[in-house]
> 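Structure provided below as C-alpha cells; questions to follow.
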Amino acid sequence: MTAGKPKRHHYVPQFYLRRFACPDDANKVRVVERHGDILAIDRKSIDRIGYEDALHDYVDDGVAGSIEGPINHMIETPFSNSLTWTKIADGACTSLSEDDKIPIYGFARHLQRRNLETLRFIETESARFADGDLDADLSEEEREMHAWIAASADNAHALFREGAMDTNIPEDADAINVMVCHSPIPLRTSTNPTLMISAPGHQSIFGAFFNELRTWWLTLDRYCGAFIVAGGPPGFSNLPMPADAARMINQHYLVQHGNSLTVRYLLANDPYLDDDLVWAGYGFERSTTHGARWRKRVTGQ
C-alpha cells in the first residue's frame, strides 16, 4: 500500500473468486499453480491470486493516473451489488432469468477485456506486427490500429485501459444467446475466467451446432455457469447440463491453463482433477502438505 492506494491490482475480482472458496476457509481457494513444466496443487489466499502490481497505473503527459479506483466504483461495486450477482452469491442460479441475460454477458465480456491475458495479447500482436509477422490480409482498420499502438510505448496499455473501462452495452447484446447451465459435478475456473469455447471455422467438441458460432463460457459458481453464444439465434435458457459436458468444460480450463500467456492459476476442487492431469500429459511426483506436485511428461514416456 502506498498513500492509501492498493499496489495489487486484481484483474479477477475477489468477489468472483470467493464463489470458489474452500469449504473450511472463505479466504482461500484450491488451485493448480503452474511453474513451467511443474504443477503444484495447493491452497492460496484469494487476495494473492489474479492480480498484477500497478497493472492499472499509467502516466499521461507526465501526469500519473490509474483506473484502479474507477474500475472498482463504476463496474465492480455496482455489479457485485446487482440483483443478478445476488442470485449467484446466494446459490440461487436456478432463479436467473431473461432479465439477467445482459448483466451476465456484460460481466463475462468485462472479465475478458480487463484480464492480464488481454494486455499481453495486445503487446504480443503489436510486436508481431512490428516484425512483419502478421498475416498479410489484415484489414485496413486492423493495420491502422496496429500502427497507432506502435506509435507510442503507452498505446498498448491505453487500448487495454479503454477496454477495461468500457461500460457501454455492446451493440450485439440483443443478438446474444445466454445459456445458464447447472452442473452435477464441481466446475473449474481460472484467473482468466471467460473461456473461449468455439469460433467460426473451427470444429467444436460440443458438436456441429457450435462450429460456426463464437462461443464463450463463464463459470459463475462451483455448480453453475453460462455459455455466451454469438452468431446464432438470440435467446436465454436455464437448464441442467450433463456431467460429460461439464467435464469437457473443466478440461478446457486445464488446456487454457497450459497454453496461455499469463494464466498461472487454475481453480479446481473436484474429484476428476487427477484423471484430467494424466489426460493432459502430467505425471504425479509426490504429495505435499495441502495437495500434490505433478510434472509434464516428456513425449514418449
Side-chain angles (χ1 to χ4, degrees), residues 11-13 16-17 19-20 50 75-76 79 84-85 88 93 96 98 100-122 125 160 163-164 166-183 187-239 241-242 245-263 265-268:
Y11 49 88
V12 187
Y16 173 78
L17 295 173
R19 298 306 308 145
F20 307 92
I75 299 175
E76 280 197 21
F79 184 75
T84 297
W85 190 253
I88 296 167
C93 287
L96 291 168
E98 183 89 29
D100 302 303
K101 171 181 169 179
I102 301 303
I104 290 171
Y105 172 42
F107 185 51
R109 184 173 180 266
H110 171 68
L111 290 179
Q112 184 179 47
R113 300 186 79 184
R114 75 178 282 183
N115 200 268
L116 181 62
E117 184 85 359
T118 296
L119 175 58
R120 296 293 178 255
F121 177 77
I122 293 170
E125 290 299 284
F160 167 72
D166 185 8
T167 58
N168 294 320
I169 297 176
E171 293 181 1
D172 65 349
D174 289 340
I176 288 294
N177 184 2
V178 172
M179 305 163 64
V180 174
C181 301
H182 304 277
S183 171
L187 293 165
R188 299 170 191 161
T189 188
S190 75
T191 46
N192 186 9
T194 303
L195 184 68
M196 175 63 79
I197 294 294
S198 69
H202 295 82
Q203 187 173 355
S204 172
I205 62 171
F206 289 94
F209 172 80
F210 290 97
N211 285 352
E212 298 305 318
L213 301 175
R214 192 169 297 278
T215 308
W216 298 267
W217 167 270
L218 174 63
T219 303
L220 297 171
D221 72 11
R222 291 192 68 219
Y223 290 94
C224 178
F227 288 107
I228 297 97
V229 186
F236 178 86
S237 57
N238 190 331
L239 297 167
M241 73 188 305
R247 287 209 61 188
M248 284 191 284
I249 289 289
N250 283 347
Q251 289 175 339
H252 246 57
Y253 274 113
L254 184 56
V255 172
Q256 179 211 56
H257 183 245
N259 294 337
S260 76
L261 298 169
T262 66
V263 179
Y265 296 103
L266 172 73
L267 279 65

> Within the distance-only criterion (no hydrogens, no angle test), does the side chain of Thr194 pair as donor or acceptor with the backbone N or O of Ala108 below 3.5 angstrom?
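Yes; at least one donor-acceptor contact below 3.5 Å.
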> Under 3.5 Å, is there a donor-acceptor pair between the side chain of Lys101 and the main chain of Met179?
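No; judged by distance alone, with no hydrogens or angles, the pair does not exist.
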> With heavy-atom distances below 4.5 Å as the criterion, would you say the side chains of Val229 and Ile197 are in contact?
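Val229 vs Ile197: side chains apart.
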> A side-chain contact here means heavy atoms from C-beta on lying under 4.5 Å apart; do Phe227 and Ile249 qualify?
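Phe227 reaches Ile249 side chain to side chain.
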> For the residue pair Trp85 and Phe79, categorise the inter-ring angle as parallel (less than 30°), tilted (30 to 60°) or perpendicular (more than 60°).
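Tilted: the ring planes of Trp85 and Phe79 meet at 30° to 60°.
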> Mind checking whether Glu98 and Ser237 have side chains closer than 4.5 Å, heavy atoms only?
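Side-chain contact under 4.5 Å: no.
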> For a quick test of reading the model, state the closest non-hydrogen atom pair linking Leu220 to Tyr16 and the distance between them.
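Result for this residue pair: O-CE1, 4.4 Å.
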> What's the separation between atom CD1 in Ile88 and atom SG in Cys224, rounded to the nearest 0.5 Å?
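Nearest 0.5 Å value for the CD1-SG distance: 6.5 Å.
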> Are there more than 12 heavy atoms of other residues, nucleotides or ligands under 6.0 Å from atom CG of Leu261?
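More than 12 within 6.0 Å, yes.
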> Going by an N to O cut-off under 4.0 Å, is there a salt bridge joining Glu125 and Arg120?
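Salt bridge: no.
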> State, yes or no, whether a side-chain contact exists between Gln112 and Trp216 at a heavy-atom distance under 4.5 Å.
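Side-chain contact under 4.5 Å: yes.
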> Taking all atoms of both residues into account, what is the closest heavy-atom pair of Ala246 and Met241, and its distance?
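Minimum heavy-atom contact is N-CE, 3.8 Å.
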> Quick check for you: to the nearest 0.5 Å, what is the distance between Leu254 atom CG and Gln251 atom CD?
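Rounded to the nearest 0.5 Å, the CG-CD separation comes to 7.5 Å.
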> Side chains of Ile75 and His110: closer than 4.5 Å at any heavy-atom pair?
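Ile75 vs His110: side chains touch.
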> Show the nearest heavy-atom pair for residues Val178 and Ala226, with the distance to one decimal.
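In terms of heavy atoms, the two residues are closest at CG1-CB, 4.3 Å.
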> Does the Ser190 side chain pair with the main chain of Asn192, one donor and one acceptor, at a distance under 3.5 Å?
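Flag set: sc Ser190 to bb Asn192 pair under 3.5 Å.
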> Indicate yes or no for a side-chain donor-acceptor contact from Thr219 to the backbone of Arg188 under 3.5 Å, with no hydrogens or angles considered.
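Looks like yes, one N/O pair under 3.5 Å.
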> For Phe121, is the CZ atom crowded, meaning more than 12 foreign heavy atoms sit under 6.0 Å from it?
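No, not enclosed.
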> Would you confirm whether Gln256, through its side chain, and Pro193, through its main-chain N or O, come within 3.5 Å as a donor-acceptor pair?
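Looks like no, no N/O pair under 3.5 Å.
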> Run the side-chain hydrogen bond (donor to acceptor under 3.5 Å, both in side chains) test on Asp100 and Tyr105 for me, step by step, so that the C-alpha distance in whole Å, both residues' side-chain angles and the decisive distance to 0.1 Å come before the verdict.
CA-CA 9 Å; Asp100 302 303; Tyr105 172 42; over 6 Å; no
> Are Pro234 and Ile176 close enough that some pair of their side-chain heavy atoms sits under 4.5 Å apart?
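No, every pair of side-chain atoms sits at 4.5 Å or beyond.
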> For a side chain to side chain contact (heavy atoms under 4.5 Å, CB included) check, start with the C-alpha distance between Thr189 and Leu195, then their side-chain angles and the critical distance, and finish with the verdict.
CA-CA 9 Å; Thr189 188; Leu195 184 68; over 6 Å; no
> May I ask you to check whether His182 and Asn238 show a side-chain donor-acceptor distance below 3.5 Å?
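There is such a pair between these side chains.
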> Could you check Leu111 against Asn115 for side chain to side chain contact (heavy atoms under 4.5 Å, CB included), going step by step and ending with a plain yes or no?
CA-CA 6 Å; Leu111 290 179; Asn115 200 268; over 6 Å; no
> If you take all heavy atoms of Asp221 and Phe20, which pair is closest and at what distance?
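Minimum heavy-atom contact is C-CE2, 3.5 Å.
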> What distance separates Asp174 CG from Ile102 CD1, expressed to the nearest 0.5 Å?
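Asp174 atom CG to Ile102 atom CD1 measures 6.0 Å (nearest 0.5 Å).
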> For residues Tyr253 and Leu267, determine if any side-chain heavy atom of one lies less than 4.5 Å from a side-chain heavy atom of the other.
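SC-SC contact between Tyr253 and Leu267 ruled out.
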> For residues Arg19 and Arg222, report the shortest heavy-atom separation together with the two atoms involved.
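Nearest heavy atoms, Arg19 then Arg222: O-CG, 3.7 Å.
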> Between Glu117 and Val263, does the side chain to side chain contact (heavy atoms under 4.5 Å, CB included) criterion hold? Intermediate values first, please.
CA-CA 7 Å; Glu117 184 85 359; Val263 179; 4.2 Å; yes
> Can you tell me which residue among Ile228, Leu218, Ile104, Asp166 is in a side chain to side chain contact (heavy atoms under 4.5 Å, CB included) with Arg109?
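Testing each of Ile228, Leu218, Ile104, Asp166 against Arg109, the sole residue satisfying side chain to side chain contact (heavy atoms under 4.5 Å, CB included) is Asp166.
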> Given the rule in the side chain to side chain contact (heavy atoms under 4.5 Å, CB included) test, do Val180 and Phe236 qualify, once you have shown the distances and angles that lead to the verdict?
CA-CA 8 Å; Val180 174; Phe236 178 86; 3.8 Å; yes
